[in-house]
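Residue numbering restarts at 1 for every chain, and letters A, B, ... go by the order of the sequence lines. Because the structure is a prediction, the values reported are computed rather than measured.
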There are 2 protein chains.
Amino acid sequence: MAVKKVKPANDTSTEEKIKNAARVVFFKKGFAATRTRDIAEEAGINLALLNYYFRSKEKLFDIIMLETIMNFFKSISVVFNMEDTTLENKIETIANGYIDLLKANPDIPLFLLSELKMQPDEFVAKMGVKEIVMKSVFLKQFQQGIKEGKITPIHPLHFIINLLGMTVFPFVASPIIKGIGDLSTKQFNDLMDERKRLIPKWIKAMLKAK
Amino acid sequence: MAVKKVKPANDTSTEEKIKNAARVVFFKKGFAATRTRDIAEEAGINLALLNYYFRSKEKLFDIIMLETIMNFFKSISVVFNMEDTTLENKIETIANGYIDLLKANPDIPLFLLSELKMQPDEFVAKMGVKEIVMKSVFLKQFQQGIKEGKITPIHPLHFIINLLGMTVFPFVASPIIKGIGDLSTKQFNDLMDERKRLIPKWIKAMLKAK
DNA sequence: GTCTATAACGTGATAGAC
DNA sequence: GTCTATCACGTTATAGAC
């Protein structure tokens, strides 16, 4: 038993409570529209404690932002670099994994995209996203498919854009989608579940389109 | 000659200058991060004039927001309801038109999606987006295609999501896309131009995927 | 209509008691 | 570590002269 922990901090430590609250509020409203008072209230603690633990709103934000990006790209990067799965398998894994992730955290993609736009270099450039994607097994398999004539030649970015777009876009545009289809959140999520099965089929068809 | 104008206001009237400036700043930074001083400076006028013409930051924002939504949905709604063009033609027209529109106004989609999320009912529900899309010729043609066995049966929303996603998503995610591909704005725009030709092909393939 | 000056308010951050 | 009270500052909005 007795699992060793690096930090004694459990989920109900004050620091963790503040971070959890910060995620909720930042994800929902973005940096500028968030007031430190909102976070304190959400965390059920005093406003002064927030500054005691994190010095400033911006420092707290940067921590949340970095953790969130890491989390998001880590998961995709792992799948992208699996050696022993086919390209098709990877597409399925990504569609499945991300849709579940986004159903559980629907506010994150729009949050990330909005805040990344504000400071593109601060995060995007630094993280070496370029290398992670362009040197991945995933990309090599894609280019191999082209060489073998199994895939219609296109710029790899089109492929990435379409896979990501089909998966992420509905969550980014959920208010409009829900509005058009008059969907409840449950109905919307069911539709997203359908896409787990459909996206791989569509991508496959797309890759062969002439 | 002598074109009659409803309002004498030309493009350099103070009111119009403020609105133009407001568009620039709101689109780039969103409501919360925008300071009325930024708008005044961008417009080259005094801060007090902004309140003289529009009463408050929020009132000015609502005007810009409404106009922008109208503009965006008006253009799609026209295409959606053309009686004498095929479904394929409509897809081409939308991909072409929107990509040009978004190249010229790359900040708008992320702006709209972010702000719509803040007040979903304020705008989405009111505008009858549901009716516009679901009762369109576009949709009827799609369902006719299913009936005739030319299109694999799926929920129409999947179709809308994919068409919109392929077209709009890259602009929403442009910082990441540019980061991954190490693209300049020019290179990015060229890639988007390629998509005008590719999206109709992909959508066509998608509609027949089994 | 347009400006300067300033009021009124909200928010991030800190001092200091416990 | 946690709280209450308060400061310090930036921002929206207005008053009033021109």
For the residue pair [Y] / [X], report whether a side-chain donor-acceptor contact shorter than 3.5 Å exists.
X: A:Thr86; Y: A:Asn89; result: yes
X: A:His155; Y: B:Glu194; result: no
X: B:Thr185; Y: B:Lys178; result: yes

Whole angstrom is fine here: how far is it from [atom1] in [X] over to [atom2] in [N]?
X: A:Leu50; N: D:dT4; atom1: CG; atom2: P; answer: 15 Å
X: B:Asn51; N: C:dT2; atom1: CG; atom2: P; answer: 14 Å
X: A:Ile45; N: C:dA13; atom1: CD1; atom2: P; answer: 14 Å
X: B:Leu49; N: C:dG1; atom1: CG; atom2: P; answer: 10 Å

Next item on the list: Check every strand shown and say whether B:Tyr53 touches a base, only sugar-phosphate, or nothing at a heavy-atom separation below 4.0 Å.
Entry: sugar-phosphate
Notebook entry, point to check: By ring pair (Phe, Tyr, Trp, His ring centres under 6.0 Å), which residues pair with B:Phe188, not counting sequence neighbours?
Noted result: B:Phe171
Margin query: Are there over 12 heavy-atom neighbours, none belonging to A:Gln187, within less than 6.0 Å of that residue's CD?
Written below: yes
Notebook entry, point to check: Bend angle of the helix from C:dG1-D:dC18 to C:dC18-D:dG1 from five-pair axes at both ends, rounded to 10°?
Noted result: 10°
Between N or O atoms, less than 3.5 Å apart, protein on one side and nucleotides 4-10 of chain C on the other: list the pairs.
from  : atom 1 : to      : atom 2 : distance (Å)
C:dT4 : OP2    : B:Asn46 : ND2    : 2.9

Note to self: Looking at A:Glu115 and A:Met65, would you say the former's side chain and the latter's main chain have a donor-acceptor pair under 3.5 Å?
What the structure shows: no
Notebook entry, point to check: A:Phe138 and A:Phe159: ring pair (Phe, Tyr, Trp, His ring centres under 6.0 Å), yes or no, with the steps?
Noted result: CA-CA 11 Å; A:Phe138 185 76; A:Phe159 175 40; 5.3 Å; yes
Notebook entry, point to check: Taking the six-membered ring for Trp, are A:Phe26 and A:Phe111 ring centroids under 6.0 Å apart?
Noted result: no
Next item on the list: Please check the phosphate of C:dT2 (OP1 and OP2 only) for any side-chain N or O of B:Thr14 closer than 4.0 Å.
Entry: yes
